[in-house]
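Quick note: numbers below take in every heavy atom, side chains included, and nothing from hydrogens, waters or symmetry partners.
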Protein chains: 2
Amino acid sequence: MEPEIEIFREHLGKKGLRNTKERDAIVREISAFHDHFDVDQLYLLIKKKKGVSKASIYRTIPLLIEAGLITEVYLEDGHMHYERTLGRDHHCHLRCNQCRTIIEFSDPRLQEIEREVAQKVGFVPDGHKLEITGLCPQCAALDKRRPGA
Amino acid sequence: MEPEIEIFREHLGKKGLRNTKERDAIVREISAFHDHFDVDQLYLLIKKKKGVSKASIYRTIPLLIEAGLITEVYLEDGHMHYERTLGRDHHCHLRCNQCRTIIEFSDPRLQEIEREVAQKVGFVPDGHKLEITGLCPQCAALDKRRPGA
DNA sequence: GTATCTGCAAACCCTTTGCAATAAG
DNA sequence: CTTATTGCAAAGGGTTTGCAGATAC
């Protein structure tokens, strides 16, 4: 069994909630995404196989976040996106303002900054998100060719 | 005249757009906010004085962002918030998961990381946002007193 | 004069919720 | 058995848009 399933069941148990085949299906399909996804993508994938409703997906997402299996990703296109957390290195995002591509990266100094800054203001940190915006290599190259933009 | 007004008019000029009293009013009221605000707060403030419609505010916000006068702030409460940019040091946010308070901070290393990371992947950066989540001093103290939470 | 801008109200779209039926423990 | 969960469809709530009249230039 996927480790996600076990982790999620344990989380449900701790909260006095129940395990269901719908929740199993949702957790299983999330593992299939290797990058970002949104509710609609997840719904289409699950509906085909199992017939889980969108309402159940929306109701399950907060639980998945609490369990540490996914995190929210802001992509500035009007609705929420998510990404799998388990088994992936912590990383941050470079987002292209033009083509919206996301490039992932990680830098060990960020953990340090998180800890130090939090300590300075008496904050107990549990994570951070860094997003760098600008132009990806492709769009930057195109921009150079037509300087009037 | 506030520097914001001039900057905004110049931006409008460059894009072949027109200056209007509604846009002036919006820019002027934004300068009144010293921290975060949302469309509703701005609307209530402006409506009282000038009677600018919400639609015009929504239509003006993208222009204000382009002009570099405000930036979006994600506060995880279902709608977008903004903050003034001009005349403020660049800073990032510590957000309390419990009481939603925002603490601002800045760290010079972030500029460096932005530049280095971007260079590494061939990205042309134009800014970054760092958000650290966790518990603010008050909520952390309360949490200690009732360990069962 | 012409193209942009405004206000209004309706439309949109993602997300949440009430309810009756179902299922987990 | 009791309480949580599901699917459906309707409601919610922030944001966008069509349109006719007003206005900048």
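The distance between atom CG of A/Leu17 and atom C1' of D/dT6, rounded to the nearest whole Å, is 14 Å. Between A/Leu75 atom CG and C/dC14 atom P the separation is 14 Å, expressed in whole Å. B/Asp24 places its CG atom 11 Å from the P atom of D/dA24, with the value rounded to the nearest Å. The distance from atom CZ of A/Arg18 to atom C1' of D/dA4 is 4 Å, rounded to the nearest whole Å. Separating the CD atom of A/Glu22 from the P atom of D/dA4 is a distance of 17 Å, rounded to the nearest angstrom. At whole-Å resolution of the value, NZ in B/Lys21 and P in C/dC5 are 13 Å apart. The distance from atom CZ of A/Phe8 to atom P of D/dT5 is 10 Å, rounded to the nearest whole Å. The distance from atom NZ of A/Lys15 to atom P of D/dT3 is 19 Å, rounded to the nearest whole Å.
Within the 4.5 Å cutoff, the side chain of A/Lys49 has no heavy atoms near those of the A/Arg28 side chain. Side-chain contact between A/Thr85 and A/Leu69 is absent, with no heavy atoms from C-beta onward closer than 4.5 Å.
For A/His93 and A/His36, the distance between ring centers is under 6.0 angstrom.
Contact annotation for B/Asn19: backbone-only contact, meaning every heavy-atom pair under 4.0 Å involves sugar-phosphate atoms and none involves a base.
In summary, the side chains of A/Glu6 and A/His11 do not present any donor paired with an acceptor at a separation below 3.5 Å, with no hydrogens or angles considered. Between the side chains of B/His81 and B/Glu76, no donor-acceptor pair is found at a separation under 3.5 Å.
Residue A/Thr20 places no side-chain N or O under 4.0 Å from the OP1 or OP2 atom of C/dA23. Proximity of A/Ser53 to the phosphate of D/dT6: no side-chain N or O atom is located under 4.0 Å from OP1 or OP2.
Between C/dG7, C/dA24, C/dC5, one nucleotide has an atom nearer to the side chain of B/Arg23 than all others, and that is C/dC5.
Between the CZ atom of B/Arg84 and the CG atom of B/Leu64 there is a distance of 12.5 Å, given to the nearest 0.5 Å.
Sequence neighbours left out, the pairs with a member in residues 121-139 of chain A that pass salt bridge (Lys or Arg N to Asp or Glu O under 4.0 Å) are A/Arg95-A/Glu131.
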For every nucleotide of nucleotides 14-20 of chain D, 5' to 3': is a protein heavy atom under 4.0 Å from its base (B), only from its sugar-phosphate (S), or from neither (-)? SBBBB--
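Comparing B/Gly51 and B/Gly16 along DNA chain C, the residue whose closest nucleotide (by nearest heavy atom) sits nearer the 5' end is B/Gly16.
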